[in-house]
Amino acid sequence: MKLKYLGVPVYLNGQNYYIPSLSYPDFKAAYDFLTSAPDLEGSKFFEYFDKLVPIVGAAIRRNYPDVTDEQLTEWLDMTTLPLAAKAVQSASGIMPVSEGE
């Protein structure tokens, strides 16, 4: 398969998926969420996960249009979720900040 967009590889479901930047409308819609520090305490972790999956999905579908958010909830785990989130942020030009910045 020829990729439409450059991306950061994340190994999911037995293969590398190249996660590109978000499109401008998707980036604009997700900017506040992607640039805020995640609250990973207790049940807030699940809320974060639930909000992040559609954002990762929007990015990944730029190269893999058949991947659904439902599939991503099966493929992503506690190892690959942070990798996918960082891939979206990195590919979209968001620089990580240290805690407290």
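All residue numbers in this chain count up from 1 along the given sequence. Below, each value reflects all heavy atoms present in this structure, side chains not excepted, and no hydrogens, waters or symmetry copies.
- Tyr64 and Val8 are not part of a single hydrophobic cluster, where members link through side-chain heavy atoms under 4.5 Å apart.
- Atom NZ in Lys51 sits 12.0 Å away from atom CG in Leu34 (nearest 0.5 Å).
- When all heavy atoms are compared, the tightest approach of Arg62 to Lys4 is O-CD, 3.6 Å.
- Counting only distance, with no hydrogens or angles, the side chain of Ser92 and the backbone of Gln89 share no donor-acceptor pair below 3.5 Å.
- Using the six-membered ring where Trp is involved, Phe27 and Tyr31 have ring planes that are perpendicular, over 60° apart on the 30 and 60° scheme.
- Atom OG1 of Thr80 sits about 5.5 Å away from atom CG of Leu12, to the nearest 0.5 Å.
- Ser21 and Ala91 make their closest contact through CB-O, 3.0 Å (heavy atoms, listed as atom of the first residue, atom of the second, distance).
- For Arg61 and Asp69, the salt-bridge test passes: some basic side-chain N is under 4.0 Å from an acidic carboxylate O.
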Test Val10 against Tyr18 for side chain to side chain contact (heavy atoms under 4.5 Å, CB included), laying out the working first. CA-CA 6 Å; Val10 176; Tyr18 290 82; over 6 Å; no
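- Around CG of Leu6, the count of heavy atoms belonging to other residues, nucleotides or ligands within 6.0 Å does not exceed 12.
- Side-chain atoms of Ser90 never come within 3.5 Å of backbone atoms of Ala87 as a donor-acceptor pair (strictly under, hydrogens ignored).
- Distance CG/Leu22 to NZ/Lys28: 14.0 Å, rounded to 0.5 Å.
- Under the 4.5 Å side-chain heavy-atom criterion for ILVMFWY residues, a single connected hydrophobic cluster contains both Met78 and Leu76.
- Ring pair Tyr48/Phe33: centre-to-centre distance below 6.0 Å.
- No more than 12 heavy-atom neighbours from other residues, nucleotides or ligands sit within 6.0 angstrom of CD on Glu74.
- Cluster membership for Trp75 and Tyr11, using ILVMFWY side-chain heavy atoms within less than 4.5 angstrom, is not shared.
- If you take CD1 on Ile55 and CD1 on Ile60, they are separated by 14.0 Å, rounding to the nearest 0.5 Å.
- A donor-acceptor pair under 3.5 Å links the side-chain atoms of Asn63 to the main chain of Tyr5, judged by distance alone.
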